[in-house]
K.L.:
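My questions all concern the structure below.
Counting convention: from 1, in listed order, for ligands and their atoms alike. Basis for what follows: all heavy atoms, side chains included, without hydrogens, waters or symmetry-related copies. Values in this document were obtained by computation on a predicted structure and should not be read as measured data.
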Amino acid sequence: MQRIVIVGGGIMGSSIAYHLAVAGAAADVVVVEPDPTYEFAATPRAVGGVRLQHALPENVAMSLYGDTVYSDFATHVNGGTVEFDPQFRRIGYLYQVRGAADVAALEANAAMQRRLGVEVHLLDREALRRRYPSFNFNDVDAAALSPADGQIDPYGALMGFRRAAEGRGITYLQDRVVGLDVADGKVTAARLESGSSLAVDTLVNVANCWAAGICAMVGMQVPIAPMRRQQFFFDTRDPIETIPAMRHASGLAIRPHQKGYLTGYTRFDEPRGFNWTLDPDLFNDFLWPQIAEKSAAFEAVKEKGGWVGHYDMNSLDGNAVIDRFPAVPNFIVAAGFSGHGLQHGPAVGRAVKEMILEGGSRSIDLSRLSYRRIVENTPLPDDGPKA
Ligand SMILES: Cc1cc2nc3c(=O)[nH]c(=O)nc-3n(C[C@H](O)[C@H](O)[C@H](O)COP(=O)(O)OP(=O)(O)OC[C@H]3O[C@@H](n4cnc5c(N)ncnc54)[C@H](O)[C@@H]3O)c2cc1C
């Protein structure tokens with residue numbers, strides 16, 4: 001019997017706990033999560049996109065497993081007394097680029113995605129205009145449409161994993177990890193805000209925006225910090241054709257949401273750290289001119305509210321670190337998802353279960369998402385859609 005302490009009970013912690021419980025290890029696991037309402041956690045603040053278009057095959061493979069699980073949730077995630085339905089829908093994803101270099105990257109990425117089983121169609125400007133007549137695509141040379149990309153309710157997914165994990169015997173402790181004891185290159189105990197402590201055989205750090213602080217407790221430096229992401233809701237006076245989630249390489253995003261649309265933007269020039277202010281000027285002065293330029297249907301729209309969340313941004317390359325810390329090998333971190341962690345939650349749950357019980361991530365080779373690339377300062381080349 002080993003004591004597996006999971007720090008953070010968001011989608012990652014709950015999926016890891018669930019996969020360990022299914023493997024028969026529930027009695028060994030404690031999830032430490034300070035906030036059962038998840039007020040500041042990223043998971044309930046996510047938009048809910050399950051995107052199959054990525055430039056790294058690892059990310060495509062993880063999204064495909066996310067698709068498998070979320071699209072047939074009750075079959076894959078069960079055992080709780082209360083069941084949640086993440087309401088998976090296929091809405092599609094249209095990634096638009098401009099310029100010869102970006103078109104070449106789009107084509108190469110689409111070929112890789114197809115090899116992994118993703119349906120992807122390349123469309124030029126004329127084909128785009130025929131398909132989506134409300135948009136002009138003036139700043140687009142080519143786009144990749146993946147019609148099967150999904151949309152889920154993030155809270156339903158989180159609570160679905162959590163309740164199923166609890167139903168299978170996982171303990172959630174309402175507390176906060178405030179320190180780790182390390183002896184002879186091993187974490188031996190997690191100290192808690194309540195004053196008590198937990199014995200540790202394996203510690204899993206899935207504290208997302210707070211993960212760098214937990215890493216620092218064992219001397220592990222990761223370039224992961226919170227980055228504000230603002231989402232704005234708007235609707236149109238007259239209906240337009242059904243659109244997929246649209247994303248331009250410039251970073252502009254427009255996606256259907258409830259009875260209207262969402263646009264969002266990540267300002268990479270902002271200082272990192274928590275900032276919970278929703279800034280309407282970002283919509284009025286920056287986003288609205290761009291969406292109005294793309295479609296006359298958006299010229300008269302007004303912002304109707306929105307919300308703020310934070311990405312656990314990995315400033316090295318915008319991708320996760322999923323690895324053991326070599327200096328303290330019973331310390332595992334899975335963080336730095338940089339805005340695409342919800343779709344990877346099921347795959348990370350399975351991978352960390354395999355790392356703990358089977359000696360390594362077996363189903364998907366995640367060795368390139370190692371901590372070594374941080375130490376060696378060698379970013380993974382990623383020319384796909386960004387956060
Ligand atoms: C606006 C926005 C939109 C997004 N849209 C998408 C999307 O469309 N698709 C997608 O795939 N991803 C999306 N994401 C990213 C996704 O939400 C995250 O990658 C994912 O939810 C991370 O899950 P997590 O469990 O690691 O983190 P969280 O949900 O943040 O959970 C971490 C938990 O750790 C706990 N914690 C913190 N400190 C401690 C401590 N000391 N001790 C114990 N527990 C602690 C926190 O209370 C928290 O509950 C979006 C994110 C944002 C902000």
Side-chain angles (χ1 to χ4, degrees), residues 5-17 30-52 54 59 62-63 66-67 70 91 93 149-155 157-158 161-162 172-180 190-194 198 203-217 224 226-232 245 247 253 255 257 262 264-266 274 276 278 306-314 318-322 333-349 352 385 387:
V5 176
I6 299 176
V7 186
I11 194 73
M12 295 301 168
S14 295
S15 171
I16 294 165
V30 175
V31 180
V32 183
E33 169 54 57
D35 179 10
T37 72
Y38 295 100
E39 183 178 2
F40 299 110
T43 303
R45 292 173 181 266
V47 163
V50 180
R51 159 160 66 91
L52 303 175
H54 290 272
N59 284 338
M62 286 199 285
S63 287
D67 177 295
Y70 287 138
I91 66 164
Y93 186 88
D149 279 40
Q151 170 73 43
I152 61 168
D153 164 25
Y155 186 73
L158 167 58
F161 268 116
R162 177 169 175 159
Y172 278 69
L173 200 60
Q174 188 176 346
D175 214 323
R176 185 185 307 274
V177 171
V178 293
L180 296 174
R191 278 178 276 121
L192 305 178
E193 197 173 47
S194 60
L198 294 169
L203 189 120
V204 182
N205 172 10
V206 274
N208 194 45
C209 286
W210 301 268
I214 305 291
C215 285
M217 292 174 188
I224 297 171
M227 188 167 81
R228 180 170 64 155
R229 169 83 181 179
Q230 303 186 62
Q231 299 292 157
F232 298 95
R247 180 64 183 248
R255 58 189 300 131
H257 183 75
L262 272 185
Y265 197 75
T266 309
F274 289 110
W276 296 100
L278 183 70
W307 73 92
V308 174
H310 293 82
Y311 290 169
D312 55 334
M313 193 68 205
N314 176 357
N319 284 296
V321 179
I322 304 172
V333 63
F337 291 91
S338 309
H340 47 259
L342 178 69
Q343 60 205 273
H344 292 162
V348 172
V352 173

K.L.:
Starting from atom 49 (O) of ligand 1, locate the nearest protein heavy atom and write down its residue, its atom name and how far away it is, to 0.1 Å.
P.N.:
Glu33 OE1, 2.7 Å

K.L.:
Under 3.5 Å, side chain of Tyr38 to main-chain N/O of Gly9, donor-acceptor pair present?
P.N.:
yes

K.L.:
For the side chain of Asp175 and the backbone of Glu193, is there at least one donor-acceptor N/O pair under 3.5 Å apart?
P.N.:
yes

K.L.:
Rounded to the nearest 0.5 Å, what separation is found between the CG atom of Asp149 and the CZ atom of Arg247?
P.N.:
13.0 Å

K.L.:
If only atom types and distance count, is the side chain of Ser63 paired as donor or acceptor with the main-chain N or O of Gln343 below 3.5 Å?
P.N.:
no

K.L.:
Can you find a heavy atom in the side chain of Thr266 that is under 4.5 Å from one in the side chain of Met227?
P.N.:
yes

K.L.:
So is there a nitrogen or oxygen of Arg255 less than 3.5 Å from a nitrogen or oxygen in ligand 1?
P.N.:
no

K.L.:
Tell me the protein heavy atom at minimum distance from atom 27 (O) of ligand 1, and give that distance in Å.
P.N.:
Asn208 CB, 3.0 Å

K.L.:
Are any of the N or O atoms of Thr43 closer than 3.5 Å to those of ligand 1?
P.N.:
yes

K.L.:
Among protein heavy atoms, which sits nearest to atom 26 (O) of ligand 1, and what does the distance come to when rounded to 0.1 Å?
P.N.:
Met12 CG, 3.2 Å

K.L.:
Can you list the atoms of ligand 1 that are under 4.0 Å from a heavy atom of Gln343?
P.N.:
9 (N), 10 (C), 11 (O)

K.L.:
Which atoms of ligand 1 have any heavy atom of Val7 under 4.0 Å away?
P.N.:
40 (C), 42 (N), 43 (C)

K.L.:
One residue to check: His310. Relative to ligand 1, which of side chain, backbone, both or neither has a non-hydrogen atom less than 4.0 Å away?
P.N.:
backbone

K.L.:
Find all atoms of ligand 1 within a distance of less than 4.0 Å from any non-hydrogen atom belonging to Gly49, and give their numbers and elements.
P.N.:
7 (C), 8 (O), 9 (N), 10 (C), 11 (O)

K.L.:
Would Ser14 and Val31 count as a side chain to side chain contact (heavy atoms under 4.5 Å, CB included) if you check the C-alpha gap in whole Å, the side-chain angles of each, and the deciding distance to 0.1 Å?
P.N.:
CA-CA 8 Å; Ser14 295; Val31 180; 5.7 Å; no

K.L.:
Of the choices Val177, Asp312, Leu192, which has the non-hydrogen atom that lies closest to atom 41 (N) of ligand 1?
P.N.:
Val177

K.L.:
What protein heavy atom sits nearest atom 40 (C) of ligand 1, and how far away is it?
P.N.:
Arg176 CG, 3.6 Å

K.L.:
Would His340 and Asn319 satisfy side chain to side chain contact (heavy atoms under 4.5 Å, CB included), going step by step from the backbone distance to the final call?
P.N.:
CA-CA 9 Å; His340 47 259; Asn319 284 296; 3.5 Å; yes

K.L.:
Without swapping roles, check the side chain of Arg45 against the backbone of His310 for a donor-acceptor pair under 3.5 Å.
P.N.:
no

K.L.:
As an exercise, identify every atom of ligand 1 less than 4.0 angstrom from a heavy atom of Val206.
P.N.:
32 (C)

K.L.:
Looking only at N/O atoms, are Pro34 and ligand 1 under 3.5 Å apart anywhere?
P.N.:
no

K.L.:
Quick test: of every protein heavy atom, which one is nearest to atom 51 (C) of ligand 1, and how far off is it to 0.1 Å?
P.N.:
Tyr311 CE2, 3.4 Å

K.L.:
Could you list which atoms of ligand 1 come closer than 4.0 Å to a heavy atom of Ile214?
P.N.:
41 (N)

K.L.:
Should you measure from each heavy atom of Gly8, which atoms of ligand 1 turn up under 4.0 Å away?
P.N.:
33 (C), 34 (O), 35 (C), 43 (C), 44 (N)

K.L.:
Could you check Tyr70 against Leu342 for side chain to side chain contact (heavy atoms under 4.5 Å, CB included), going step by step and ending with a plain yes or no?
P.N.:
CA-CA 10 Å; Tyr70 287 138; Leu342 178 69; 4.0 Å; yes

K.L.:
Return a yes/no value for Gly341: is any of its N or O atoms, backbone included, closer than 3.5 angstrom to an N or O of ligand 1?
P.N.:
yes

K.L.:
Got the closest protein heavy atom to atom 43 (C) of ligand 1, with its distance?
P.N.:
Val32 O, 3.3 Å

K.L.:
Could you tell me which atoms of ligand 1, counted from 1 in the order shown, lie closer than 4.0 angstrom to a heavy atom of Gly309?
P.N.:
53 (C)

K.L.:
If hydrogens are left out, which of Ala46, Gly213, Ser14 has an atom nearest to atom 50 (C) of ligand 1, that is, the closest non-hydrogen atom?
P.N.:
Ala46

K.L.:
Whether the side chain of Asp312 engages the backbone of Cys209 through a donor-acceptor N/O pair (distance < 3.5 Å, no angle test) should be reported.
P.N.:
no

K.L.:
Looking only at protein heavy atoms, which one is nearest to atom 13 (C) of ligand 1, and how far off is it?
P.N.:
Gly339 O, 3.2 Å

K.L.:
Among all protein heavy atoms, pick out the one at the shortest distance from atom 28 (P) of ligand 1; state its residue, atom name and that distance to 0.1 Å.
P.N.:
Ala42 N, 3.6 Å

K.L.:
Under 4.0 Å from any heavy atom of Tyr38, which atoms of ligand 1 are there?
P.N.:
49 (O)

K.L.:
Looking at Thr37 and Asp35, would you say the former's side chain and the latter's main chain have a donor-acceptor pair under 3.5 Å?
P.N.:
no

K.L.:
Keeping the roles fixed (side chain from Asn205, backbone from Ala211), state whether a donor-acceptor pair exists under 3.5 Å.
P.N.:
yes

K.L.:
Could you tell me if the side chain of Val177 sits less than 4.5 Å from the side chain of Leu203, heavy atoms only?
P.N.:
no

K.L.:
Answer with yes or no whether Asp35 contacts ligand 1, where contact means a heavy atom under 4.0 Å from a ligand atom.
P.N.:
no

K.L.:
Is there a side-chain contact between Gln151 and Arg255 in this structure, where contact means two heavy atoms from C-beta onward sitting under 4.5 Å apart?
P.N.:
yes

